[in-house]
Chemist: 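Before we start, here is the structure in question, set down as structure tokens.
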Amino acid sequence: MAIQKPYIPKGTRDFSPAEMLKRNYIFDTIKKHFVRFGYQPIETPAMENLSTLIGKYGEEGDKLLFKILNSGDFLTKTSDELLAQRNSQKLTTKISEKGLRYDLTVPFARYVVQHQNEINFPFKRYQIQPVWRADRPQKGRYREFFQCDADVVGTNSMLNEVEIVQLIDGIFSDLKINVVIKLNNRKILSGIAEILGQADKIIDITVAMDKLDKIGLNNVNIELIDKGLPQTAVDQLQPIILLSGNNNEKLASLKSVLSNSEIGLKGVAEMQEIIDYLQMFDLQNEVELDLTLARGLNYYTGTIFEVKANDVQIGSICGGGRYDDLTGIFGLKDVSGVGISFGADRIFDVLNELDLYPKHQSENTKVFFVNFGKAEEIFCLPILAKLRKAGVNAEIYPEATKMKKQMKFANDKAIPFVVIIGEDEMQKGELVLKNMESGEQKFLSIEELLIFMTK
RNA sequence: GUGAUUGUAGCUCAGUAGGUUAGAGCGCUGGAUUGUGGUUCCAGAGGUCGCGGGUUCGAGCCCCGUCUUUCACCCCA
């Protein structure tokens, strides 16, 4: 058989032990904060029924779903007529019934409906799992990536939004990434469209406004005209797009601009409540009310969150919002929820670019024993057992090879301490502990080693 | 999905106008140093030039296809 060069599918990646240490640091940090706010873990299958997924992410999203072929000889059950049509979309529904999940929110909605009688509402759940999108890969964009979601359903309180901002702030402070936390409210956007007399064009308006940073005001206006907005409405929109000042000033202006829009005022009131509450806390990162923030309008109905890293050019690393009726499509009405999703892979890229990882990863081996032979093994193994029992990650080289090779092994593995026990040490009842970073060595008794490694 | 772009040693990259035996740095292996890694010195190993086809006396280099990479748009974490 011909030898084939191994490779992995487009947009996917392998992660080495060193990379996994870094990734687990991210996951552990995020998880720690989720738990601290009372979120509980769930997991859902990698694949869902296509009927669960299709139509939830818009037309674009449907195209990006990975579909799984049915088992068995499905073509024999397909009519010649259908095959002759060569209509991929139509054929797909006959030969594929399952797909890989596209995000964690829709599977969560499905979960809530399916398990509604077991769930204790308000239900706070977190979920850290991979999702798949048949997108064309580019920077910060993969076909398989992890999302870390925290959502709470069954409560309308703005307290949830306040806590989510605290959660975001806590996580990125811990990861040492400087971010700006952007907030907006879909109701405010609706109000703006309403006072412009363009309620039906809300999506076009917000999508265009969202590009302000990227393409500039002129191009935004061109796009608005392009989408059929009258010049008068565009003119009326200008002061809103360019709204400046601090959050309270922005809210005050909005309040007067939106005075004739009930929904708009509701949005302003919600935002005001969140901003007021947040003033009680000493947040590490900037919180900014940004009217040009649009995001997934597919299901968001209230607050919208988005987080951007200040020091790295990459898409948003975290985003979410409130949805009033996510579970409605699965038959459970009036369950409001709000959630946030951390993009672990982009956070990984940001941390790599800024090299913000802690020096020593707690998952790594802390102390390494050089192996000199049988007698030394017998002497060392009980010490290793004691260390491990005390919670110290420890290992011994499995063979009595050249010391140089063993030292290099420990060095390559970034192990901070090496214990050397040969004939001399066994006789004297002491051991040599080498600090691999400073190169310094000292003699210790076994008891002293245990105390040193566990402190 | 649209338009570009990339691929040569484990990694980062040279490779002249198409010419005989494809190079460097880092890494790797061994030695200097049989109880000391990370620094230094010496030596060595390592290549279907992404894959398939074509043009040519001759292709890493030119042409076509394909896969992959990166980027913009769309959209998004």
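The structure displayed is predicted, hence computed values, not measured ones. Below, all heavy atoms of this structure are taken into account, side chains as well, without hydrogens, waters or symmetry copies. Each chain gets a letter, A, B and so on, in the order the sequences are listed, and its residues count up from 1.
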Chemist: Please state how far atom CG in D226(A) lies from atom P in C74(B), giving the value in whole angstrom units.
Modeler: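 Distance check: D226(A) CG to C74(B) P gives 13 Å.
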
Chemist: With P as the reference atom in both, quote the distance from G1(B) to U16(B) in angstrom, rounded to an integer.
Modeler: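 My reading of the P atoms in G1(B) and U16(B) gives 35 Å.
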
Chemist: Taking for each residue the nucleotide of RNA chain B with the nearest heavy atom, is it Q138(A) or Q147(A) whose nucleotide lies nearer the 5' end?
Modeler: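 Of the two residues, Q138(A) wins.
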
Chemist: Let me know the distance between CZ of R133(A) and C1' of C74(B), rounded to the nearest Å.
Modeler: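 Atom-to-atom, R133(A) to C74(B), this comes out as 14 Å.
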
Chemist: Taking only side-chain nitrogens and oxygens of K211(A), does any of them come within less than 4.0 Å of OP1 or OP2 of C74(B)?
Modeler: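 The answer is yes; a side-chain N or O of K211(A) sits under 4.0 Å from OP1 or OP2.
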
Chemist: Using whole Å, what does the distance between atom C1' of nucleotide G35(B) and atom CG of N371(A) come to?
Modeler: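 Answer to the nearest Å: 13 Å.
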
Chemist: Quantified in whole Å, what is the P atom distance between nucleotide C11(B) and nucleotide G50(B)?
Modeler: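 It works out to 13 Å between them.
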
Chemist: When we call it a touch if two heavy atoms are under 4.0 Å apart, what does D424(A) touch: a base, just sugar-phosphate, or nothing?
Modeler: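 Here D424(A) touches the bases of the nucleic acid.
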
Chemist: Scan K63(A) against the nucleic acid and name what it touches under 4.0 Å (heavy atoms): base, sugar-phosphate only, or nothing.
Modeler: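 No contact at all - K63(A) keeps every heavy atom at 4.0 Å or more from the nucleic acid.
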
Chemist: Distance check needed: A77(B) C1' versus I177(A) CD1, whole Å only.
Modeler: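 Rounded to the whole Å, the gap is 13 Å.
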
Chemist: If I take atom NZ in residue K404(A) and atom P in nucleotide G31(B), what distance separates them, rounded to the nearest angstrom?
Modeler: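 From K404(A) NZ to G31(B) P: 8 Å.
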
Chemist: How about F34(A) and Y126(A): are their ring centres within less than 6.0 Å of each other?
Modeler: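 Here the rings of Y126(A) and F34(A) have centres that are less than 6.0 Å from each other.
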
Chemist: Looking only at atom P, what distance separates U21(B) and C28(B), rounded to whole Å?
Modeler: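 Their P atoms lie roughly 32 Å apart.
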
Chemist: OP1 or OP2 of G30(B) less than 4.0 angstrom from a side-chain nitrogen or oxygen of K405(A), does that happen here?
Modeler: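 No.
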
Chemist: Side chain of M403(A): nearest nucleotide among G1(B), U36(B), G37(B)?
Modeler: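 So the side chain of M403(A) is nearest to U36(B).
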
Chemist: Where does the angle between the aromatic ring planes of F123(A) and F108(A) fall among parallel (under 30°), tilted (30 to 60°) and perpendicular (over 60°)?
Modeler: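 Answer is tilted, since the angle falls between 30° and 60°.
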
Chemist: Would you kindly give the CZ-to-C1' distance between F146(A) and A77(B), to the nearest whole Å?
Modeler: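 About 13 Å, once rounded to whole Å.
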
Chemist: Below 6.0 angstrom between ring centroids: does that apply to F342(A) and F146(A)?
Modeler: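 F342(A) vs F146(A): aromatic centres not under 6.0 Å.
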
Chemist: Between F342(A) and N411(A), name the one whose nearest nucleotide on RNA chain B is closer to the 5' end.
Modeler: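 Looking at RNA chain B, the more 5' nearest nucleotide goes with N411(A).
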
Chemist: Using a heavy-atom cut-off of under 4.0 Å over every strand shown, decide if I420(A) touches base, sugar-phosphate, or nothing.
Modeler: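 Result for I420(A) = base.
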
Chemist: To the nearest Å, how far apart are K408(A) NZ and U39(B) C1'?
Modeler: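 Going from K408(A) (NZ) to U39(B) (C1'), I get 13 Å.
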
Chemist: Contact class for Y142(A) vs. all strands (heavy atom < 4.0 Å): base, sugar-phosphate, or nothing?
Modeler: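 Base contact.
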
Chemist: With rounding to whole Å, what would you report as the distance between U39(B) and C26(B) at their C1' atoms?
Modeler: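 Taking atom C1' in both U39(B) and C26(B), they lie 15 Å apart.
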
Chemist: Looking at the side chain of S316(A), which of A77(B), U68(B), G35(B) is the nearest nucleotide?
Modeler: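 The answer is A77(B), which lies nearest to the side chain.
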
Chemist: Base of G35(B), side chain of E376(A) - is there a donor-acceptor contact under 3.5 Å?
Modeler: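 Such a pair does not exist between side chain and base.
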
Chemist: When you measure from the side chain of R136(A), which nucleotide among C74(B), A32(B), G1(B) comes out closest?
Modeler: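 Between C74(B), A32(B), G1(B), the one nearest the side chain of R136(A) would be G1(B).
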
Chemist: Assign E144(A) to base, sugar-phosphate, or nothing according to its heavy-atom contacts below 4.0 angstrom with the strands shown.
Modeler: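 Answer is nothing: E144(A) stays at 4.0 Å or more from every strand.
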
Chemist: Is the distance between the ring centroids of F417(A) and F368(A) under 6.0 Å?
Modeler: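 Between F368(A) and F417(A), the centre distance exceeds or equals 6.0 Å.
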
Chemist: Roughly how many Å apart are A9(B) and A72(B), using the C1' atom of each and rounding to a whole number?
Modeler: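 Pairwise C1' distance, A72(B) against A9(B), rounds to 33 Å.
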
Chemist: Hey, does G140(A) reach any base, or is it just sugar-phosphate, or nothing, if we go heavy atoms under 4.0 Å?
Modeler: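 Base, at least one base atom sits under 4.0 Å.
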
Chemist: Strictly below 4.0 Å: does K402(A) bring a side-chain N or O up to OP1 or OP2 of G31(B)?
Modeler: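 So the side-chain polar atoms of K402(A) do come within 4.0 Å of the phosphate oxygens OP1 or OP2 of G31(B), strictly under.
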
Chemist: What distance, rounded to whole Å, do you find between the two C1' atoms, one in G65(B) and one in C73(B)?
Modeler: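 Result for the C1' pair: 26 Å, nearest Å.
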
Chemist: K10(A) has a side chain; which of U69(B), U2(B), A77(B) sits nearest to it?
Modeler: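 Selected nucleotide (nearest to the side chain): U69(B).
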
Chemist: Which nucleotide sits closest to the side chain of K434(A): C74(B), G3(B), G37(B)?
Modeler: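 Per side-chain heavy atoms of K434(A), the pick is G37(B).
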
Chemist: F348(A) ring centre to R23(A) NZ or CZ under 6.0 Å, with the angle to the axis within 45°?
Modeler: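 Yes.
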
Chemist: Could you tell me the Watson-Crick or G-U partner of U2(B), where both distances fall under 3.5 Å? Say none if there is no partner.
Modeler: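 U2(B) is paired, partner A72(B).
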
Chemist: Which part of the nucleic acid does Q441(A) contact within heavy-atom distance under 4.0 Å: base, sugar-phosphate only, or nothing?
Modeler: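 Base contact.
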
Chemist: Return yes if a side-chain donor-acceptor contact under 3.5 Å exists between S336(A) and R322(A), otherwise no.
Modeler: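 S336(A) vs R322(A): donor-acceptor pair found between side chains.
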
Chemist: Looking only at the side chains, is there a donor atom on one of D62(A) and Y102(A) sitting less than 3.5 Å from an acceptor on the other?
Modeler: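 The answer is no; no qualifying pair exists.
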
Chemist: Nearest to the side chain of M407(A), which nucleotide is it out of G35(B), C76(B), G37(B)?
Modeler: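 When the side chain of M407(A) is considered, G37(B) is the closest of G35(B), C76(B), G37(B).
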
Chemist: Contact class for K413(A) (heavy atom, under 4.0 Å): base, sugar-phosphate, or nothing?
Modeler: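 Answer is nothing: K413(A) stays at 4.0 Å or more from every strand.
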
Chemist: For G60(B) and U8(B), measure between their C1' atoms and round to the nearest Å.
Modeler: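 To the nearest whole Å, 7 Å.
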
Chemist: Between U34(B) and A24(B), how far is it from one C1' atom to the other, in whole Å?
Modeler: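 35 Å, rounded to whole Å.
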
Chemist: Does C26(B) have a Watson-Crick or wobble mate here (both distances under 3.5 Å), and if so which one?
Modeler: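 Pairing partner: G10(B).
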
Chemist: Round to a whole Å and report the spacing from NZ of K139(A) to C1' of A72(B).
Modeler: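 In whole Å, A72(B) C1' lies 14 Å from K139(A) NZ.
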
Chemist: Answer yes or no for R133(A) and F66(A): cation-pi contact, defined as NZ/CZ to six-membered ring centre under 6.0 Å and angle to ring axis within 45°.
Modeler: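 Here R133(A) fails the 6.0 Å and 45° test against F66(A).
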
